[in-house]
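Reviewing the structure listed below.
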Amino acid sequence: MIKDKSFGSKTFDVVNTILMIIILIITLYPLLYVLAISLSSTEYVQANLVTIIPKGFNLQAYHQVFADKYFWVAYKNTILYTVVGTVINLLLTSSFAFCLSRKDLIAKNTITILVIFTMFFSGGLIPNFLLVKNLGIYNSIWAIVLPGAINTYNMIITRTYMQGLPEEIFESVRIDGGNDLQIYSKIVLPLSKPVLATIGLFYAVGHWNAYFYPMIYMKDKVKYPLQVILKDMIVEQDFSGMEEMEALGQIPPTSDMLVGASIIVALIPILCVYPFVQKYFVKGVMIGSLKG
Amino acid sequence: MRSNKNKCSVLKKAKKQKYLLLLLLPGLIYYIIFRYVPMYGVLIAFKKYDFRFGIWGSQWVGLKYFQQFIFGPYFWRLIKNTFLLSFYDLIFGFPIPIIFALLLNEIKSKKFKSTVQTVSYLPHFISVVIVVGLLKTMLSPNGGVVNNIIEFFGGQEINFFMEKGWFRNLYVSSGIWQGFGWGSIIYLATMAGINPQLYEAAKMDGAGRFRCMWHVTLPGIKPTIVVLLILRLGRLLSVGFEKVILMYNPKIYETADIISTYVYRYGILKANYSFGTAVGLMNSLIALVLIIVTNKFSRKISDTSLW
């Protein structure tokens with residue numbers, strides 16, 4: 001490459017770097033701000049003195065969030081829904097994608113067209129809601145994990161990947177007397193690890209972050225996942241256990257502090273795994289986009 | 001090995017594929033129950049739904065609920081809000097990942113570049129509930145950082161979530177915050193695939209940084225831009241109502257209420273199932289037409305289409 005050392009080019013580099021630093025700050029600041037107020041003491045927050053560094057460090061807001069029994073139940077529920085949901089997602093998506101990836105499948109084209117059609121048209125919110133009620137799975141984990149068991153887009157990514165696997169291996173299994181179930185479980189699944197890891201992560205993040213369907217499909221508060229509880233805290237400012245603190249003669253944390261603390265606690269798992277899985281997500285976007 | 005002799009061949013083939021069909025079954029059942037049964041359920045838009053009689057047994061009412069919506073007081077407001085919200089989201093949200101990718105591509109330090117990338121993808125993985133929570137905390141009228149700044153400069157405190165004029169700005173800008181990094185991945189990947197010789201040739205011809213960007217990088221990512229634009233246009237009517245539900249309140253319905261939130265309120269919360277379904281059906285039909293039209297159009301002008 002020819003080095004461009006003109007004044008204009010250098011200025012561009014400087015300006016561009018500054019711009020990127022500003023972008024970094026804009027992206028991270030809201031998170032750091034929330035962290036700071038959640039760790040500060042009520043007096044400083046009320047006096048508007050907290051910007052990015054916690055002032056009067058204390059964990060009162062966290063104590064209160066942790067004292068809320070629904071918060072922990074919801075945390076546990078979210079983990080359960082995410083794990084069960086993702087396992088079901090992966091089983092159904094991969095088996096269906098495998099079948100559609102086989103050239104000789106009966107009625108393959110008809111099935112493919114009918115499946116693609118669902119990407120563009122759906123019954124809509126209310127028929128789905130009524131279906132869940134009529135199936136008798138309302139207010140149970142199945143209402144959360146079954147209706148979205150296959151995401152058509154993820155299924156197509158998987159199918160495209162599986163189509164690229166060499167046909168010869170399948171043939172050799174067949175010669176050894178193996179059937180399609182064995183091809184699927186012993187050959188295709190292990191070879192599809194990269195794509196399954198990617199869509200598995202997509203599904204898992206989706207379950208972890210879901211609030212809308214759990215909100216309409218769950219009736220009992222003890223079955224709510226974390227995001228629904230967070231929604232109650234953030235939108236309705238509904239905090240249980242606020243009075244207990246006041247009874248103890250302490251200055252209670254402000255609602256912003258409580259929201260901040262809950263946000264941080266809900267984000268911790270994502271922040272922990274994010275650096276490790278980030279590169280898989282990027283790969284997933286690429287697999288999905290090349291033959292979209 | 002292929003037997004294509006007579007009508008028995010399908011049965012024969014099915015027998016040969018019995019394990020494959022067994023594997024197909026769960027997914028097939030899923031699509032029938034959870035994707036096609038709700039399409040059948042759309043019938044209740046034309047009926048007075050009564051849960052005792054089920055979908056089929058309820059009484060036909062024709063287009064009553066459609067008329068009720070079209071001639072109802074909120075029809076134009078909902079259409080306008082839905083369109084404007086997604087339109088603003090498109091004109092501001094679509095170019096920013098492209099510009100960001102172009103600028104990031106010019107960063108020479110690999111380490112700095114990947115740091116910026118990693119950080120910029122992060123908001124994509126944060127739930128809408130938390131994004132709205134961050135927004136509310138930052139903009140809080142009692143002591144949020146933004147209002148502190150406004151007051152510091154002698155301005156009046158603004159209660160952002162209670163003013164109808166602010167809703168679209170907040171919706172669109174928080175969407176950009178959440179999506180610009182993630183949206184840029186695909187452009188960056190396309191840029192990485194551009195032949196470096198093109199850049200050298202351009203430099204030989206005396207092109208500077210901007211001209212390289214303009215004449216080499218941008219044309220290189222053009223097909224990607226077109227495909228993504230079609231996809232976006234096709235989804236013009238499906239605004240992310242999950243975020244709207246978290247952000248709006250009766251005081252700002254005038255700008256914030258969109259078709260899908262209206263369906264949620266009237267259909268689910270007030271249990272007007274038939275009416276809600278009719279409104280939802282109109283929304284999906286318009287969306288479907290939009291996709292077909294944009295796809296046809298783009299096939300004509302750019303040879304790129306989704307099908």
Side-chain angles (χ1 to χ4, degrees), chain A residues 2 4 8-9 12 16 19-20 24 27-28 30 33-34 45-46 48 51 92 95-96 98-99 102 105-106 115 118 120-131 147 149-150 179-181 184 205 209 211-212 216 227 230-231 234-235 256 259-260 263 266-267 270 274 278 282 285-286 289, chain B residues 10 13-14 17 19-20 22-24 26-27 30-31 34-35 37-39 41-42 44 103-104 106-107 116 118-123 125-130 132-134 136-138 140 143 145 148 185-186 189 200 203 208-209 242 246 260 263-264 267-268 273 276-277 280-281 284 288 291:
Chain A
I2 304 153
D4 184 351
S9 175
F12 177 85
N16 199 11
L19 205 67
M20 289 299 146
L24 280 183
T27 312
L28 289 176
Y33 173 70
V34 168
V45 175
Q46 276 171 341
N48 301 338
T51 47
L92 265 95
S95 60
F96 198 69
F98 168 66
C99 295
R102 301 292 303 274
L105 178 75
I106 290 173
V115 163
T118 64
F120 299 104
F121 187 77
S122 70
L125 186 60
I126 290 163
N128 275 300
F129 178 74
L130 292 178
L131 172 72
I150 300 180
N179 60 36
D180 286 315
L181 286 179
Y184 167 71
V205 172
N209 284 342
Y211 93 87
F212 184 74
I216 64 171
Q227 301 294 338
L230 275 178
K231 180 222 145 222
I234 290 165
V235 179
D256 284 342
V259 169
I263 287 178
L267 268 181
I270 295 217
Y274 178 71
Q278 190 248 120
V282 176
V285 172
M286 294 320 298
S289 64
Chain B
V10 176
K13 210 174 162 191
Q17 292 190 357
Y19 291 111
L20 195 59
L22 201 67
L23 266 180
L24 184 75
Y30 165 77
Y31 273 100
F34 288 102
R35 301 297 178 113
V37 170
M39 287 189 206
V42 155
I44 68 169
L103 292 176
L104 191 62
E106 296 292 324
I107 296 284
V116 178
T118 307
V119 170
S120 69
Y121 303 154
L122 177 65
F125 299 104
I126 297 177
S127 74
V128 273
V129 177
I130 291 183
V132 174
L134 292 174
K136 288 210 164 170
T137 316
M138 301 269 299
S140 164
V145 84
N148 285 349
I185 294 180
I186 188 163
E200 290 185 25
K203 277 183 190 148
R209 297 279 285 272
E242 298 201 0
L246 295 169
S260 37
V263 171
Y264 166 66
I268 296 208
Y273 296 135
T277 306
L281 177 63
S284 330
L288 187 65
I291 292 181

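Below, chain A is the first sequence line, B the second, and so on; all start at residue 1. All heavy atoms count here, side chains included; hydrogens, waters and symmetry mates do not.
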**Asked** When heavy-atom pairs shorter than 4.5 Å are enumerated against chain A, which of Ile44(B), Val42(B), Asn148(B), Leu288(B) gives the highest number?
**Response** Asn148(B)
**Fill in**
Closest heavy-atom pair, Ala266(A) versus Ile130(B), reported as atoms and distance to 0.1 Å, is CB-CD1, 3.9 Å
**Prompt:** Which of the residues Ile216(A), Thr51(A), Asn209(A) is involved in the greatest number of heavy-atom pairs with chain B at under 4.5 angstrom?
**Reply:** Asn209(A)
**Message:** Taking every non-hydrogen pair under 4.5 Å, which of Gln278(A), Lys231(A), Arg102(A) racks up the most with chain B?
**Reply:** Gln278(A)
**Message:** Measuring from atom OG1 of Thr118(B) to atom CG of Leu24(A), what distance do you get when rounded to the nearest 0.5 angstrom?
**Reply:** 10.0 Å
**Prompt:** Looking only at atom types and distance, does a side-chain atom of Tyr273(B) sit under 3.5 Å from a main-chain N or O of Pro127(A), one as donor and one as acceptor?
**Reply:** no
**Fill in**
Shortest non-hydrogen pair, Ser122(A) vs Ser284(B), comes out as O-OG, 4.1 Å
**Item:** Heavy-atom pairs under 4.5 Å with chain B, option from Leu92(A), Ile106(A), Val235(A) with the top count
**Value:** Ile106(A)
**Fill in**
Greatest number of non-hydrogen atom pairs under 4.5 angstrom with chain A, of Ser127(B), Gly41(B), Gly267(B), falls to Ser127(B)
**Request:** Going by the side-chain contact (heavy atoms from CB on, under 4.5 Å) test, name the single residue among Asn179(A), Leu181(A), Asp180(A) that passes it with Leu20(B).
**Result:** Asp180(A)
**Fill in**
In terms of heavy-atom pairs under 4.5 Å with chain B, the winner among Asn128(A), Ile150(A), Ile263(A) is Ile150(A)
**Item:** Leu104(B) CG to Met20(A) CE distance, which is reported to the nearest 0.5 Å
**Value:** 5.0 Å
**Request:** Could you look at Tyr30(B) and say if it's the side chain, the backbone, both or neither that has a heavy atom under 4.5 Å from chain A?
**Result:** side chain
**Asked** Hey, which of Ser260(B), Gly280(B), Gly133(B), Pro26(B) has the most heavy atom pairs under 4.5 Å with chain A?
**Response** Gly133(B)
**Request:** Kindly indicate, with the supporting measurements, whether the criterion side-chain contact (heavy atoms from CB on, under 4.5 Å) is fulfilled by Leu281(B) and Phe121(A).
**Result:** CA-CA 9 Å; Leu281(B) 177 63; Phe121(A) 187 77; 3.7 Å; yes
**Message:** Below 4.5 Å, heavy-atom pairs only: which of Val205(A), Leu230(A), Leu105(A), Ile270(A) has the largest tally toward chain B?
**Reply:** Leu105(A)
**Asked** Checking side-chain contact (heavy atoms from CB on, under 4.5 Å) for the pair Phe12(A)/Leu103(B): CA distance, chi angles, key distance, verdict?
**Response** CA-CA 10 Å; Phe12(A) 177 85; Leu103(B) 292 176; 4.3 Å; yes
**Message:** If I measure from the heavy atoms of chain B, does Thr118(A) come under 4.5 Å with its side chain, its backbone, both, or neither?
**Reply:** both
**Prompt:** Yes or no on ring-ring contact (aromatic ring centres under 6.0 Å, His included) for Tyr184(A) and Tyr19(B), after CA distance, side-chain angles and deciding distance?
**Reply:** CA-CA 10 Å; Tyr184(A) 167 71; Tyr19(B) 291 111; over 10 Å; no
**Asked** Measuring from Ile234(A):CD1 to Leu246(B):CG, what's the distance to the nearest 0.5 Å?
**Response** 8.0 Å
**Request:** Could you list the residues that satisfy salt bridge (charged side-chain N to carboxylate O under 4.0 Å, His left out) with Glu106(B), not counting sequence neighbours?
**Result:** Arg209(B)
**Fill in**
With chain B, the option among Pro30(A), Gly8(A), Ser95(A) that has the most non-hydrogen atom pairs under 4.5 Å is Pro30(A)
**Asked** Looking at the rings of Tyr121(B) and Tyr274(A), which for Trp means the six-membered one, are their centres under 6.0 Å apart?
**Response** no
**Request:** Go through the steps for Ser140(B) and Asp256(A) under the test side-chain hydrogen bond (donor to acceptor under 3.5 Å, both in side chains), then give the verdict.
**Result:** CA-CA 8 Å; Ser140(B) 164; Asp256(A) 284 342; 3.1 Å; yes
**Which of Val145(B), Val263(B), Leu22(B) touches chain A most, by non-hydrogen pairs under 4.5 Å** = Val145(B)
